[in-house]
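This report refers to the structure that appears directly beneath it.
Every value quoted in this text rests on a predicted model; they were computed, and no experiment measured them. Naming convention: chains lettered A, B, ... in sequence-line order (proteins, then strands); numbering from 1 in each chain.
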Amino acid sequence: MKISFAKPSLPTEGALVVGVLEGRVLTASAAKADEASGGLLTRAMAASRFEGKKDQTLLLQAPAGLTVARLLLVGLGKPEKLTALTAQGLGGIVIAQLSNSTDAQVTVAVDGTADFAANVAYGALLRSYRFDKYRTKEKKEDKPSLKKLVVATEAHSEAKKAFVTLEAIAEGVFLTRDLASEPANIIYPESLAAEAKKLAALGLEVEVLGEKQMKKLGMGALLGVGQGSEKESQLVTLRWTGADDKEAAPVAFVGKGVTFDTGGICIKPAGGMEDMKWDMGGSAVVIGLMKALAARKAKVNVVGVVGLVENMPSGNAQRPGDVVTSMSGQTIEVINTDAEGRLVLADALWYCQQQFKPKAMIDLATLTGAIIISLGDHYAGLFSNDDTLSEQLSDAGKDVGELVWRLPLDEPYDKQIKSEIADMKNVGGREAGSITAAMFLKRFVKDTPWAHLDIAGVTWAKKDGPVTPKGATAFGVRLLDRLVAANYEQK
Amino acid sequence: MAPEIVFAAAPVKADALAVGLRPDLKTAQSWIAQALAGKHRFKGEEGDVLPILTPDGWFVAVGLDAEDDQDACSLRRVGSALFAELCDGGIEHLCLDMGLDMGLSPQDSAELAYGIALRAWRPSDKYRSKLDPDEAWSLSKITIVTSDVKAAQTYFARLDAVATGLRYARDLVVAPGNELTPQGFVTRLEELFPLGIQVEVLDAKALRKQGLNLLLAVGQGSTNPPLLAVLRWNGGKKNAAPLAFVGKGITFDTGGISIKDGEDMEEMKGDMGGAATVAGLMMALALRKAPVNAVGVLAIAENMPSGTATRPGDVVTGYNGTTVEIVDTDAEGRLALADALAWTAKQCEPSLMVDLATLTGAVEVALGKKRAGLFTASDKLAKRLMQAGEDEDELLWRLPLVDFYDEGIKSAAADLRNCSWDDLCPDHLQAARFLQHFVPKSLAWAHLDIAGLSEAGDDEDGDEPLTGPGPTGFGIRLLDRLADKG
């Protein structure tokens, strides 16, 4: 879909979208369309329940008095509550309502700021994502008809400029969604590493460690998870050096990348196991985020580290009760081979700190089922050793509509992961399952300000969201891009 | 029997003399310091208790931790650890001489005593026909030396009121379901009369008349009918709006027609933990003659399967007119509470309302047994409760209460359904939202899901450090403090 910005004028073809404020207050463009059509909008609203409340819509087919094929009225709610998220939501609604309408073109007439217009386009772009490469026989009427989206605004040239940055972020989001959507026979540790390597074209330095090198570094925790699989485990580092001071300590992002998680010897029940293809969601977010930051040439030093493994049962697989030694030297009793993500992260976090001495470190992982019970699919779980970082993440989440909720991370929960034989065990029981997982990770974090995002509940959506079609959400890319922009980037 | 605790101005002759030590191991009893230095695990840290037999009798070294780390809660834990260690070792009279030596104020001494009083509880002997003499407590008297006996006694009387309320609540929680039926619960409430608490009971007939049909639906399968008990303490200004505390009191929860698995079902005798906390809190307020008006409302029912039980799919109209499709008869606590909350808000017109309930397994998945789930729309009330929890070592953690979670409790047949069937759903968040539909928006209200906290875990790490094994009376101390701060 091609997105462009133009001066406001009533289009003559395709679909037209106008906004209406709460209380049936027409925006300037809506008023213009109303006038041109001899009061059609006013009559249509009076004949319906449409009041201009946020996200309400009213679709008029072949609107009399106008030459467009369709006219869509979208409620914007109260004028004092118009935000970037309202604009993105408007863009999302346009796609949801019109992408299959047979119209090839839609014009969204926006009467807000350049920023508002850019965010309308951004929302539409984010919502227009489809993962359809494996459909070989999709009927034409099932494919989107929409080819062109025009955002009409007085401030069209500023809007176009503002959109460049947003489009870069969307590129990162799309990469993340692609990677998470790909099946596990296509995306496995080496092929995912190869995808990361492609980002070198944007100026990222990408380094890949194989099993031999990881063994040398002593990453027994990560390697144990991958040992049942035929696929070789990988550790990928992506570096973006965008700050003027090339030596400045970076912000680090660490991702769990279990490209498929069968559970290993503690194998999962078969029902729904296909979802485990996106158990590399954390790593996909890190890779997509790095792409977004590079694409928008962020003035900041950032490093991404992803631990990539496949967790399979086999004659060579890790057994429950095995004791592994992590890169940090700490030993772990593997009670449950299906609590593998934390083992991967343990070594990835340690490596990241040793290698890069980051000024802040955030990891993302589809880590626990308990977080889905704890918070549902509305919030990601946030665990942190740093109040400031927590607030920054919480604020960034509210700004972009990717919400996090902080959960406790302190001593009383540490007892649950005491092992009878090693320094710790990898599960702490049903109670407080997400907290004990975070406590496990905390043992691999030094003094670095650190946050852990448990994204198991928010990585895959069963239903369409405002700017996220159902499926892979890429939750975290926009959040962390905002975190960087608001707190770590040179102005 | 709980031991007698007295204060004295000077050490008295006893079977054992306990002295306090800090990590520097400095003490007037220098021989102890020498004996311990570097040769023993005893480090003077909080909770360290080491009895030493000397030619002069028992000496007990008690770790107090560094002075900087000492606060009311740490002193209580020291008292608790001391009692746990010495209660059944043969010592009958213990003299605690650490007030002067360690610079403990009379108030500090009272806190130590409070720790002992909180720990000195166990299930009544009446449930056993034969007592094992080795398990009986030998420790029957504790004399605490303090610089100002009168002041210590005054402080302790205030704290002991709460300890007494706590013991009462714990007795209620361990009482088996055949003793503590709904009517059995009412009988136990008679103990509150002499303290000046007015007890009003709405029986099933009154509930029907007033329209508390959700509470009735929970109890309708049982031959022991449900009831609503209303406890009033009017220690404050006449006509001042009361603080309201509402408790879930399912005296036994089989799950009803949606019956639970047999394993561990006996634990469901404790599904009235919220109501027990409210009753214990009211007792504490009355005993200390708290200058507040408070009302405690207990939603009491027994959830049984039978020919008259509520069926999954039944639609019932609650006290506030909201209709509920009961899809799972084992999500009954929220039904009982819904009516109790709506009734309390309307009939008692409180200035604020807090409910407690052993409501969901999901809150244990989320927060485990270290913190209770706190749900409120009021940031101010959240802050006050969190702070009271911190001060009293009864920790809370705020969880989301947003309309997003209404999704899971939408019904095709009624205004709401009582839960979602999705295994991985955030049941505790949905339950809290469910309750919110029965509380007027204008009323400051908080819901505490104490499912993980009402009773201590049964593994060795599960003991609550202050109250030990078994029921904890969770919420009494924190709400007593909330009431205290007005």
Point to revise | Side chain, backbone, both or neither of B:Val402 within contact of chain A (heavy atoms, under 4.5 Å) | key: side chain
Check your understanding: How many angstroms lie between CG in B:Leu399 and CZ in A:Arg406, if you round to the nearest 0.5 Å?
Key -> 14.0 Å
Review point. Between NZ of A:Lys415 and NZ of B:Lys370, what distance do you get to the nearest 0.5 Å?
Key: 5.0 Å
Practice item. Please lay out, stage by stage, how A:Arg430 and B:Val365 fare under the test side chain to side chain contact (heavy atoms under 4.5 Å, CB included). Key: CA-CA 6 Å; A:Arg430 187 185 79 100; B:Val365 173; 3.3 Å; yes
Check your understanding: Tell me, side chain or backbone of B:Glu407 under 4.5 Å from chain A's heavy atoms, or both, or neither?
Key -> side chain
Practice item. Measure the CD1-CG distance between A:Ile373 and B:Asp427 for me, rounded to the nearest 0.5 Å. Key: 9.5 Å
Study note, to complete from the structure: Here the gap from A:Tyr413 atom OH to B:Lys369 atom NZ, rounded to the nearest 0.5 Å, amounts to 11.5 Å
Exercise for review: Check whether B:Asp422 gets within reach of chain A through its side chain, its backbone, both or neither, counting any heavy atom under 4.5 Å.
Suggested key: side chain
Check your understanding: More than 12 heavy atoms of other residues, nucleotides or ligands under 6.0 Å from CD of A:Glu420: is that the case?
Key -> no
Review point. Are A:Glu431 and B:Val363 close enough, and set up right, to give a side chain to side chain contact (heavy atoms under 4.5 Å, CB included), and what steps lead you there?
Key: CA-CA 9 Å; A:Glu431 287 155 2; B:Val363 81; over 6 Å; no
Review point. If you count heavy-atom pairs under 4.5 Å between each of B:Gly368, B:Pro426, B:Gly373 and chain A, which one has the most?
Key: B:Pro426
Revision key, fill the gap. Exactly one of A:Pro408, A:Ser434, A:Ser374 clears side-chain contact (heavy atoms from CB on, under 4.5 Å) with B:Leu367, and that residue is A:Pro408
Exercise for review: Classify the ring geometry between B:Phe404 and A:His378 as parallel (under 30°), tilted (30 to 60°) or perpendicular (over 60°).
Suggested key: parallel
Exercise for review: Please say whether more than 12 non-hydrogen atoms of neighbouring residues, nucleotides or ligands are located less than 6.0 Å from CG in B:Asp264.
Suggested key: yes
Exercise for review: Please look at A:Ile372 and chain B and tell me whether the side chain, the backbone, both or neither of the residue comes under 4.5 angstrom of a heavy atom of that chain.
Suggested key: both
Study note, to complete from the structure: Cut-off 4.5 Å, heavy atoms of chain A, and the answer for B:Leu429 is side chain
**Study point:** Largest heavy-atom contact set with chain A, pairs under 4.5 Å, which of B:Ala366, B:Gly408, B:Gly452
**Key:** B:Ala366
Exercise for review: Drop me the distance from B:Trp397's CH2 to A:Ile435's CD1, to the nearest 0.5 angstrom.
Suggested key: 8.0 Å
Check your understanding: Can you tell me if NZ on A:Lys53 sees more than 12 non-hydrogen neighbours from other groups inside 6.0 Å?
Key -> no
